Amino acid sequence: MAQGDLIMEVTETLCELLEKEKLSRKELADRLGNPKVYLQLLNGGRNLTLRTVADILHVLAIELPSSPIRKNRKNRNAR
């Protein structure tokens, strides 16, 4: 379930970023340099790799924070 949640969160975040930048998936694919391949990825044809996500963020001039954040888990508090 964690993988699916992360995939959904990253996909939703990328869609929100594109909307905020007023950039279509086609325009993003063009900026990435290989429109046919990237359009297939961006339209859900395959899972995005970390490399692809990094390329997309680079094109959008966005950096992610590099510090991981630990989630609170119910069983961690029950010692």
Side-chain angles (χ1 to χ4, degrees):
M1 191 64 154
Q3 291 176 8
D5 291 344
L6 180 60
I7 291 167
M8 284 300 296
E9 185 173 335
V10 168
T11 303
E12 288 174 4
T13 300
L14 289 175
C15 289
E16 290 170 9
L17 290 170
L18 289 175
E19 187 175 308
K20 182 178 177 182
E21 296 292 321
K22 295 181 170 78
L23 193 66
S24 72
R25 292 176 183 202
K26 168 82 171 92
E27 291 168 321
L28 176 62
D30 289 341
R31 288 188 189 183
L32 289 166
N34 193 341
K36 193 177 232 182
V37 171
Y38 282 110
L39 266 178
Q40 181 184 13
L41 287 170
L42 295 169
N43 288 325
R46 301 186 312 207
N47 284 340
L48 299 173
T49 66
L50 286 176
R51 291 179 196 277
T52 302
V53 172
D55 289 344
I56 291 168
L57 294 176
H58 177 75
V59 165
L60 297 175
I62 294 174
E63 291 184 22
L64 291 179
S66 58
S67 299
I69 300 170
R70 183 176 297 278
K71 293 193 292 186
N72 291 330
R73 293 187 180 178
K74 293 177 186 175
N75 60 359
R76 290 183 68 79
N77 296 329
R79 290 185 184 185

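None of these values were measured; they are calculated from a predicted model.
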More than 12 heavy atoms from other groups under 6.0 Å of CG on L64: yes
Residue pairs involving residues 10-24 (criterion side chain to side chain donor-acceptor pair (under 3.5 Å); sequence neighbours excluded): S24-E27
Candidates L28, L23, D30 - the one meeting side-chain contact (heavy atoms from CB on, under 4.5 Å) with K26: D30
Counterpart residues, side-chain hydrogen bond (donor to acceptor under 3.5 Å, both in side chains), relative to R31 (two or more places apart): none
Acceptor/donor pairs from residues 52-62 side chains to any protein atom, 3.5 angstrom cut, sequence neighbours excluded:
from	atom 1	to	atom 2	distance (Å)
T52	OG1	T49	OG1	3.0
D55	OD2	Y38	OH	3.3

Single-linkage hydrophobic cluster, 4.5 Å side-chain cutoff, L17 and M8 together: no
